[in-house]
Amino acid sequence: MKIVIGGHLNQEENMELVKKEGIEVDIMDDMSAAMAVKSGQYDFYFGSCQTGAGGALAMPIALLGNKKCISVAGPGFILSDDKIAEAVEGGKIAFGFVPEAAQSVIPKIIRCLNR
């Protein structure tokens, strides 16, 4: 499994959280990251921004389509493990979240991806 980090905030911190899970990970700008997932160079996209959706997912939505993207944490909400698992099972490959939720949601997403 290969994950690319995009989004506008805390890219280095998000990369370190993914590395802790033993996953291959790189950082790219949003456009390059979304293109790398679209071309199959990377399997999944993680991005963070202030809303967990706008800056984190704009390029993945544009290039991969809305059906492949989900905001798993935004201001005032974090999806449950069940909802994240449901999203993964439903084919979501790009995940957006607010920076303050990264420590919680990154391990949850990876657990679901590894099922």
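From a predicted model like this one, the values you see are computed outputs, not experimental measurements.
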Shortest non-hydrogen pair, I61 vs C69, comes out as N-SG, 3.7 Å
Inter-residue atom distance I93.CD1 - K67.NZ, 0.5 Å rounding: 14.0 Å
Quick check: does any side chain N or O of N10 sit under 3.5 Å from a backbone N or O of E13, one acting as donor and the other as acceptor? no
Could you tell me the separation between the CD1 atom of I5 and the CE atom of M28, rounded to the nearest 0.5 Å? 11.0 Å
Considering all heavy atoms, the nearest A56-G47 contact: CB-O, 3.4 Å
Taking all heavy atoms of L79 and all of S71, pick out the closest pair and write down the distance. CD1-O, 3.8 Å
If you measure from the Lys or Arg side-chain nitrogens to the Asp or Glu carboxylate oxygens, is any gap between K2 and D43 under 4.0 Å? no
If you round to the nearest 0.5 Å, how far is SG of C112 from CD of E86? 10.5 Å
Please check if atom CD in Q103 has more than 12 non-hydrogen atoms from other residues, nucleotides or ligands closer than 6.0 Å. no
Can you name the residues that form a side-chain contact (heavy atoms from CB on, under 4.5 Å) with E21, not counting sequence neighbours? I23, P107, I110
How about Y45 and F95: do any of their side-chain heavy atoms sit closer than 4.5 Å? no
Heavy-atom check, side chain of I3 versus side chain of Y42, under 4.5 Å: no
Please confirm whether the backbone N or O of D29 pairs with a side-chain atom of S32, one donor and one acceptor, at under 3.5 Å? no
Would V105 and I78 satisfy side-chain contact (heavy atoms from CB on, under 4.5 Å), going step by step from the backbone distance to the final call? CA-CA 8 Å; V105 298; I78 296 176; 3.6 Å; yes
Taking every non-hydrogen atom, the tightest pair across A85 and R115: CB-NH1, 3.2 Å
side-chain contact (heavy atoms from CB on, under 4.5 Å) against K19, all qualifying residues, sequence neighbours excluded: M15, E16, V25
Measuring only between side-chain heavy atoms, which start at C-beta, is K92 closer than 4.5 Å to V72? no
Main-chain N/O of M59 paired with D30 side-chain donor or acceptor, under 3.5 Å: no
Where is the tightest heavy-atom contact between P60 and A94, given as atom of each residue plus distance? CB-CB, 3.8 Å
Donor-acceptor contact present, side-chain K108 to main-chain D81, <3.5 Å: no
Side chain to side chain, V37 and L64, heavy atoms closer than 4.5 Å: yes
Hey, can you tell me if F97 and F46 have their rings parallel, tilted or perpendicular (30° and 60° cut-offs)? perpendicular
Side-chain heavy-atom pair E24, V18 within 4.5 angstrom cut-off: no
Same hydrophobic cluster for L9 and I106, using side-chain heavy-atom links shorter than 4.5 Å among ILVMFWY? no
Show your reasoning for whether side-chain contact (heavy atoms from CB on, under 4.5 Å) applies to S48 and N14. CA-CA 8 Å; S48 63; N14 294 342; 3.0 Å; yes
Flag side-chain contact, heavy atom, 4.5 Å: L113 against M1: yes
List the atom of G52, the atom of L57, and the distance in Å for their closest heavy-atom pair. O-CD1, 4.0 Å
